[in-house]
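Take a look at the structure below.
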2 protein chains.
Amino acid sequence: MPNPLVDDRLVDFLLRDVLDVPGLARLPAFADHSPETFDAYLALCRRFAREVLWPSYPAVDREPPVLAGGRVRVHPRLREIWPRLVELGVLTASRPPEAGGQGLPHAVAVAAHLYLMAGNLSAYALAGLTSGAARLVEAFGDAALRARWLAPMLDGRFTGTMALTEPQAGSSLADVAARAAPRNGHFLLSGSKIFISGGDHDLAENVVHLLLARIDGAPPGTKGVSLFLVPRLRPAPNGGWEENDVAVTGLIHKIGWRGLPSVALALGERGDCRGWLVGEPHRGLACMFQMMNEARLMVGAHGAATASVAYQESLAYARERLQGRPASSRDPARPPVPIVEHADVRRMLLRQKAIVGGSVALVLRAARLADLAAHAGTGAERERARLLLDLLTPVAKSFPAERGFESTALALQVHGGYGYSSEYLPEAWLRDQKLNSIHEGTTGIQGLDLLGRKAVAGGGAALRALGEEVEAARARAAAAGVDAAWGEAVGEAAARVGGLTMELARRGLDGDVEGMLLHSADYLELFSTLCVAWVWLEQAAAAREALASGRGDPDFLEGTLAAARYWIRGELPGIGPLVERCRAGEDSYGRVRPGWL
Amino acid sequence: MPNPLVDDRLVDFLLRDVLDVPGLARLPAFADHSPETFDAYLALCRRFAREVLWPSYPAVDREPPVLAGGRVRVHPRLREIWPRLVELGVLTASRPPEAGGQGLPHAVAVAAHLYLMAGNLSAYALAGLTSGAARLVEAFGDAALRARWLAPMLDGRFTGTMALTEPQAGSSLADVAARAAPRNGHFLLSGSKIFISGGDHDLAENVVHLLLARIDGAPPGTKGVSLFLVPRLRPAPNGGWEENDVAVTGLIHKIGWRGLPSVALALGERGDCRGWLVGEPHRGLACMFQMMNEARLMVGAHGAATASVAYQESLAYARERLQGRPASSRDPARPPVPIVEHADVRRMLLRQKAIVGGSVALVLRAARLADLAAHAGTGAERERARLLLDLLTPVAKSFPAERGFESTALALQVHGGYGYSSEYLPEAWLRDQKLNSIHEGTTGIQGLDLLGRKAVAGGGAALRALGEEVEAARARAAAAGVDAAWGEAVGEAAARVGGLTMELARRGLDGDVEGMLLHSADYLELFSTLCVAWVWLEQAAAAREALASGRGDPDFLEGTLAAARYWIRGELPGIGPLVERCRAGEDSYGRVRPGWL
């Protein structure tokens, strides 16, 4: 049986039984849709992922792009795949019909795209980048920019990038140094960028960079950074297209995502690189952060999808591979058993299942919150969804990246010595997975974002909303007959985390910002563990409901309860020492001097 | 400054101040030696590792071996390195003079070889394999075998392997199926082996496999497995050497350790593969396990060395790479700071330091116990050292593998986007490191060994000896003026682990072996965390002593105290929930059915 990439039962269960995504069809924004049209898009993506993307993955991973004559050539399979991905509607799935899209809820689009990511991550990624870049043009570009660039981006003739990073600046966008000198109706760009995913390739006609640079005379720091549209080819006076002085100066030899080229760019080496301002001058970071937050959720989805396909592979292997005998009966005359029978292998599989199911649930919940933030019936509902979405974004980005890396490593470990060879796929997914803790804001940056901004925003309003969600899940679980101890454990943990947050916030308010933020990594970890316990509690409730009413696959529902139990009883207590570490101000790494290391 | 591979201050401090390895020179077995000769060997290996091995690593990693015409060709650099490694004395460092060795303590040899492993893991590994295989011949071979094979193995003309694994059996040695039919003075071997490291190459004249097989008519299971010496070339009637019908049927495309070929072998395809019995018939596993335990400690050393070189690389990078500004002052007009100034980067570095220092300490302590087990003055001392060594072996094998993998991933993370490219080395070490949780017994098997055998052996005698060691470390720490809370925390944790062990042992004695062993992974993790806290407490004591007496580099000693504090205050409390999980019998993965996953 081929790898299913993602368990259909999990996705259907989350969409229908846990998150009531079909109910979104009742909102006016989705009036053209119905649960049936949601399912139809899901079915299309599932099939395409399984029949087209999945078989392409090993070859694309083995033969990364090459740089020749100043241009990047990608794997030929990707040139075949790209138009078919576009045709599938991936670029426009969740855009409103008036913007040329299908108007699907994010929750449906993300669920469907999980399969594409799991099938071939870097083939999908270019679509995600292009879609995000188009959304920036749509949201902040003036009428002329929208008229010129949107259509070819949305029909896949042009692809898009996020061109933020510079060699000297890395994560520090305050140090963006690319320059933009105003000319007649455009700017002349100069400077260099690095790690630009999809920054050049030969699978579409043009590349449109959404790029950060500083207008001459702009203030220093993040407040002087503007957003520009800088294409590889620009409109020529004769009505055609001409080179725009954007040179590829290097191709990064990435260890994973090897279908997607990542390049270094030099802008304006001949003094003739034109860019067009997107949005207000000096407000580029605010624009970019709209895309960045969506990009962070997409990274979470990448992490979840990669962990999922690796989990499915190791599960199939563990069911087939015969080796050894149970601890209780080692009689060598008996035939060996499938390794899934060994407790430690089941531990590795259940841990993967809990991480995968928790990650997918986080990502889909965030997507549904994005739908509600945009389209819920009342302003109060929209505001509440926005608060929760902001709070969950660093969690939904970093948990699937960090625990997903661990989960993917377990998939390799289940394969034993075979997993250590490139004849088997888990090592490739492990390489893919490692990027997710780095790009679109490292895990360290997610921790600072969560503790330094999101958790304390609005006087704790987001945290209170999360507390209400936890209470709602407890009530649902209690009504469904889930073991009351699980709900209590999650409720107590939420209360502890709430108390800790207030305590740390007070430290910050009292002027000890360094002392508060010192714990951001621990805080991110314990907060994420709690959020995943909450989504598992909800899944346990929905599983009990389904079992009681005879809906769904009993094996899947029992497995859901087992994973929920594992996380809530096994993992959640681990936040205790982390909370204490933060409260006690354990500050070894605050104190340690660089010279002591 | 080039990468130091391992911090000389750490190694010198552990050998002298913590473990009193110079004191071993007073034992009769090491009478030919002195602290000066210990240092001389250490200095030779340090220089060779830094000047010869380290510069060879990137090329050797990039160009793995190839299989052509039935033979394996390794990287040409390795052919130059091999005779120089032999000349350095690596094969014979810790063998007694009467066996042609230099008679150094294991503790000195392992410390010196850590540098070689850190410099180029797979270049060193062939020496480790050959040395271990020779030791098996020395210990169990009859006079004829020793006379024929030992000299060319110890002078590097022949290399050795451990040929255990078969395609269908994996970790399950009870299922070894290779056959051995008795003939005149030898056996005719048939069957296949897989994942045989160093199983073929072109850097020495011959390969000597120490190989498990079943004599015709042997009982099933592990009690019917015998050990054979099976060379690639055997002595020919004419006095030369002839092919021994050992065919290379495949080369594994490993993701790391890419200098060391790993092959699949077919024995006796032409019915003419000769082997010679080593030791008693059907006792092969007992013989092999002598080598296996040494091999497990060597895997721990590999893990520690790889984590060390990656840590040093990320530390140097963090001191040089300028990016961002402190959280307390983000004024963009100020120049950016080295990233080592950021708290989260210091956290990642201090965590690596704690894992590396803990791993090196575990490995060197185990080596010193091996010296005492063989050479201590009294039988009681030898027996106590043997007990402790047995107990610590699964910990010293798996902690550097598992936490070392995490540590190496942090080294990559510190490098940000650059770390995700193959232009930088951390990704290569991450690939190398992953093998250590798989070979010579997976981490799952180490957990079963620790909880199922070692921790409960001799009615808990080994555990009591460990308790005494912890008490001795506490007394030393108290006398040196280390914060009393640290000693209390370690003492309390040891008592909890002791109590838990007895509780789990009772479960086993009451007939619930599955229920006891279900927790072996958690137990291994909490036990390892405790052991590392113990070795850090000792290091803290020795650091305080050195600071008080004005010995040593104050920066290094303060860093030692910081890492000890981090582990004891930050990590050790994490065992609480693990202990509770085991005690409560949290058995999600025991209960989960294969069909639920």
Side-chain angles (χ1 to χ4, degrees), chain A residues 170 172 174-175 195 220-221 252-255 315 319 323-324 327-328 332-333 336 340 343-344 346-347 349-350 353 413 416-417 420-423 427 434-435 437-438 444 513-514 517-518 521 555 558-559 562 565-566 569-570 573-574 576-577 580-581 586 588-592 594-597, chain B residues 170 172 174-175 195 220-221 252-255 315 319 323-324 327-328 332-333 336 340 343-344 346-347 349-350 353 413 416-417 420-423 427 434-435 437-438 444 513-514 517-518 521 555 558-559 562 565-566 569-570 573-574 576-577 580-581 586 588-592 594-597:
Chain A
S172 177
D175 292 308
F195 300 130
I252 315 295
H253 297 107
K254 282 188 313 211
I255 60 172
L315 177 58
R319 283 176 172 156
Q323 200 187 297
S328 53
V340 71
D344 196 60
R346 283 212 299 274
R347 180 187 65 81
L349 292 168
L350 184 58
K353 183 183 177 71
Q413 185 79 12
Y420 196 69
S421 83
S422 52
E423 277 95 351
E427 66 87 18
K434 192 74 213 78
L435 187 59
S437 63
I438 298 172
V513 175
E514 294 265 10
L517 294 180
L518 197 57
D555 275 343
E558 290 290 352
R565 183 175 192 265
Y566 170 79
R569 290 188 38 159
E580 288 314 308
R581 195 193 294 181
E586 204 300 294
S588 305
Y589 40 91
R591 289 182 185 207
V592 72
W596 296 357
L597 288 163
Chain B
S172 177
D175 292 308
F195 300 130
I252 316 295
H253 297 107
K254 282 186 314 206
I255 60 172
L315 178 57
R319 284 175 171 156
Q323 199 187 296
S328 53
V340 70
D344 196 60
R346 284 213 298 276
R347 180 187 66 80
L349 291 168
L350 184 58
K353 183 182 177 71
Q413 185 78 13
Y420 196 69
S421 83
S422 52
E423 277 95 352
E427 66 87 18
K434 193 72 212 80
L435 187 59
S437 63
I438 298 172
V513 175
E514 294 265 9
L517 294 180
L518 197 56
D555 274 344
E558 290 290 353
R565 183 173 192 267
Y566 169 80
R569 290 186 39 158
E580 288 314 309
R581 195 194 294 181
E586 204 302 292
S588 305
Y589 40 93
R591 289 182 185 207
V592 72
W596 295 356
L597 289 163

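A note on names: the letters A, B, ... follow the listed sequences, proteins ahead of strands, and every chain is numbered from 1. Quantities reported herein were computed from a predicted structural model and do not represent experimental measurements.
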Residue [X] versus chain B: region with a heavy atom under 4.5 Å:
| X | answer |
| --- | --- |
| A:Leu315 | side chain |
| A:Asp344 | side chain |
| A:Glu514 | side chain |
| A:Phe195 | side chain |
| A:Leu349 | both |
| A:Lys254 | both |

[X] and [Y]: which non-hydrogen atoms are nearest, and at how many Å?
| X | Y | result |
| --- | --- | --- |
| B:Trp596 | A:Lys353 | O-NZ, 3.5 Å |
| A:Ala521 | B:Arg347 | CB-NE, 3.1 Å |
| A:Ile438 | B:Tyr420 | CD1-CB, 4.2 Å |
| A:Ala343 | B:Leu518 | CB-CD1, 3.6 Å |

Heavy-atom pairs under 4.5 Å with chain B, option from [options] with the top count:
| options | result |
| --- | --- |
| A:Gly417, A:Gly576, A:Gly221 | A:Gly417 |
| A:Gly416, A:Gly570, A:Gly574 | A:Gly570 |
| A:Val513, A:Asp555, A:Ile252 | A:Asp555 |
| A:Arg565, A:Glu423, A:Arg569, A:Gln413 | A:Arg565 |

Problem - Heavy-atom pairs under 4.5 Å with chain A, option from B:Val592, B:Leu517, B:Val340 with the top count - result: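 So the answer, after comparing B:Val592, B:Leu517, B:Val340, is B:Val592.
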
Handout entry: Side chain to side chain, A:Leu597 and B:Arg319, heavy atoms closer than 4.5 Å
Key =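 Yes, side chains in contact.
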
Handout entry: Close side-chain approach of A:Pro573 to B:Glu580, heavy-atom, < 4.5 Å
Key =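 Answer no - side chains too far apart.
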
Problem - Donor-acceptor contact present, side-chain A:Arg346 to main-chain B:Pro594, <3.5 Å - result: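 Looks like no, no N/O pair under 3.5 Å.
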
Problem - Side chain B:Ser422, main chain A:His253, donor-acceptor under 3.5 Å - result: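 Here the side-chain-to-backbone pair exists.
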
Practice task
Answer with side chain, backbone, both or neither: which region of B:Ile255 has an atom nearer than 4.5 Å to a non-hydrogen atom of chain A?
Solution key: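 Both parts, backbone and side chain.
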
Exercise for the section: Under the salt bridge (Lys or Arg N to Asp or Glu O under 4.0 Å) rule, collect the residues that match up with A:Arg581, sequence neighbours excluded. Expected result: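 Salt bridge (Lys or Arg N to Asp or Glu O under 4.0 Å) list for A:Arg581, sorted by chain: A:Asp522, B:Glu571.
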
